[in-house]
Number of protein chains: 2
Amino acid sequence: MQNSQESLITTIRSFNRFYTVMLGFLNQKYLGTKYSVTETRILFEIRSSDKVLAKDLCSKLKLDKSYVSRILAKFEKQKLIIRKTASNDKRQNPIALTKFGLEQVTQLIERTNQDIYRLICNFDEESSKKIADALCFIMDKFKEE
Amino acid sequence: MQNSQESLITTIRSFNRFYTVMLGFLNQKYLGTKYSVTETRILFEIRSSDKVLAKDLCSKLKLDKSYVSRILAKFEKQKLIIRKTASNDKRQNPIALTKFGLEQVTQLIERTNQDIYRLICNFDEESSKKIADALCFIMDKFKEE
DNA sequence: GTTATTAGTTGACAATGACAACTAATAATT
DNA sequence: AATTATTAGTTGTCATTGTCAACTAATAAC
């Protein structure tokens, strides 16, 4: 192992600690709303890929299918989503947000945006750009694999 | 709000999604051990600041005091930590790792290091350095406040 | 000396999540 | 075509995780 890798591991460790607290801070706020962290993740995922299947949510978010099934049942009851059995494969039930569901997600996004804004509102233009670049760089690197 | 801030918010949103999955991946591994994510965080925190008080763990990790109290009671039962009532203030019970506790934490660190290494093992020296720099830059910026 | 605050514990309970067994539909095998 | 295997999703059961409020004991503040 290279020296630079060892020191990267240390840095990642410390970043994980830092970011866990930060995510905790942001997630508290979800709780201020009606939806838990996982529910929010699922809602966002449904929004970004309409007609998604439950099994895709499981694999993308690394969640148990029984867990997802129950959350989706709840969402359906709350009229956030609708599921229609696919005509070509009756095992599949593509999920879509209702108008109400979309409104809720939009509100959630607005709220989390505000939470994030509170964190970064004091950053000047140069810092904002540099941080965004750094974040993108990190994501790119890890997604390359 | 500046344009660069708006785009930073978008980037942070996407980074949060990305990093939640990544932390999930790393945390799964903790479960392979005997300790949950929160327990691990607490153990690490105790290690890094010996003679720490329960209330400090609560504030640093943003955890409920009853929750922390129970976890610490469990740790004590498992002989991972010892608590001694402070002589100057008998309400306080400074926490320290036992020899066994330290061994366990050291093992945990070793394991998570290996998990992280698996993620970064293909990075060359230059990439490793750039990522570490980017991570440090981000932490610094958010800690400045 | 009385009241307020702080550190930590306990009880009761809700939310979160894991695992296995199940149904119904489709695909693969013979 | 009939049997077997696989897949999408649901349901039962249970353990873990986490929250909230009420409590004790010690100290600080008035």
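Letters go in sequence order (proteins before strands), and every chain restarts at 1. The structure displayed is predicted, hence computed values, not measured ones.
- The shortest distance between side-chain heavy atoms of I46(B) and L72(B) falls below 4.5 Å.
- Rounded to an integer number of Å, the gap from I71(A) CD1 to dA14(C) C1' is 15 Å.
- A side-chain donor from one of T112(A) and R13(B) sits under 3.5 Å from a side-chain acceptor of the other.
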For this session: For salt bridge (charged side-chain N to carboxylate O under 4.0 Å, His left out), just list the numbers for E39(B) and K74(B), CA-CA rounded to whole Å, side-chain angles, deciding distance to a tenth of an Å, and then say yes or no.
Result: CA-CA 10 Å; E39(B) 285 170 347; K74(B) 194 169 127 194; 2.5 Å; yes

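- Distances were taken from every side-chain heavy atom of R83(B) (C-beta onward) to each of dT17(D), dG8(C), dA26(D); the shortest belongs to dG8(C).
- With the nearest nucleotide of DNA chain C identified for both E39(A) and R91(A), E39(A) has the one nearer the 5' end.
- The CG-C1' distance, from L72(B) to dT9(C), rounds to 11 Å in whole Å.
- Look at CD on E76(B): it is 16 Å from C1' on dT10(C), rounded to the nearest Å.
- Note on ring orientation: taking the six-membered ring where Trp is involved, the planes of F15(B) and Y19(B) are parallel (angle under 30°, cut-offs 30° and 60°).
- F75(A) places its CZ atom 16 Å from the P atom of dG9(D), with the value rounded to the nearest Å.
- The interatomic distance linking N93(B) (CG) with dT9(C) (P) rounds to 6 Å, in whole Å.
- Within the nucleic acid shown, D89(B) comes within 4.0 Å of sugar-phosphate atoms alone, with no base atom in reach, counting heavy atoms only.
- OP1 and OP2 of dA7(C) both lie 4.0 Å or more from every side-chain N or O belonging to S69(B).
- A straight line from CG of L53(B) to P of dT5(C) spans 21 Å, rounded to a whole angstrom.
- Both K65(B) and S66(A) lie near DNA chain D, and the one whose nearest nucleotide falls closer to the 5' end is S66(A).
- Put simply, CG on D64(A) is 14 Å from P on dA8(D), counting in whole angstrom units.
- If you take CZ of R70(B) and P of dA7(C), they are 19 Å apart, rounded to a whole angstrom.
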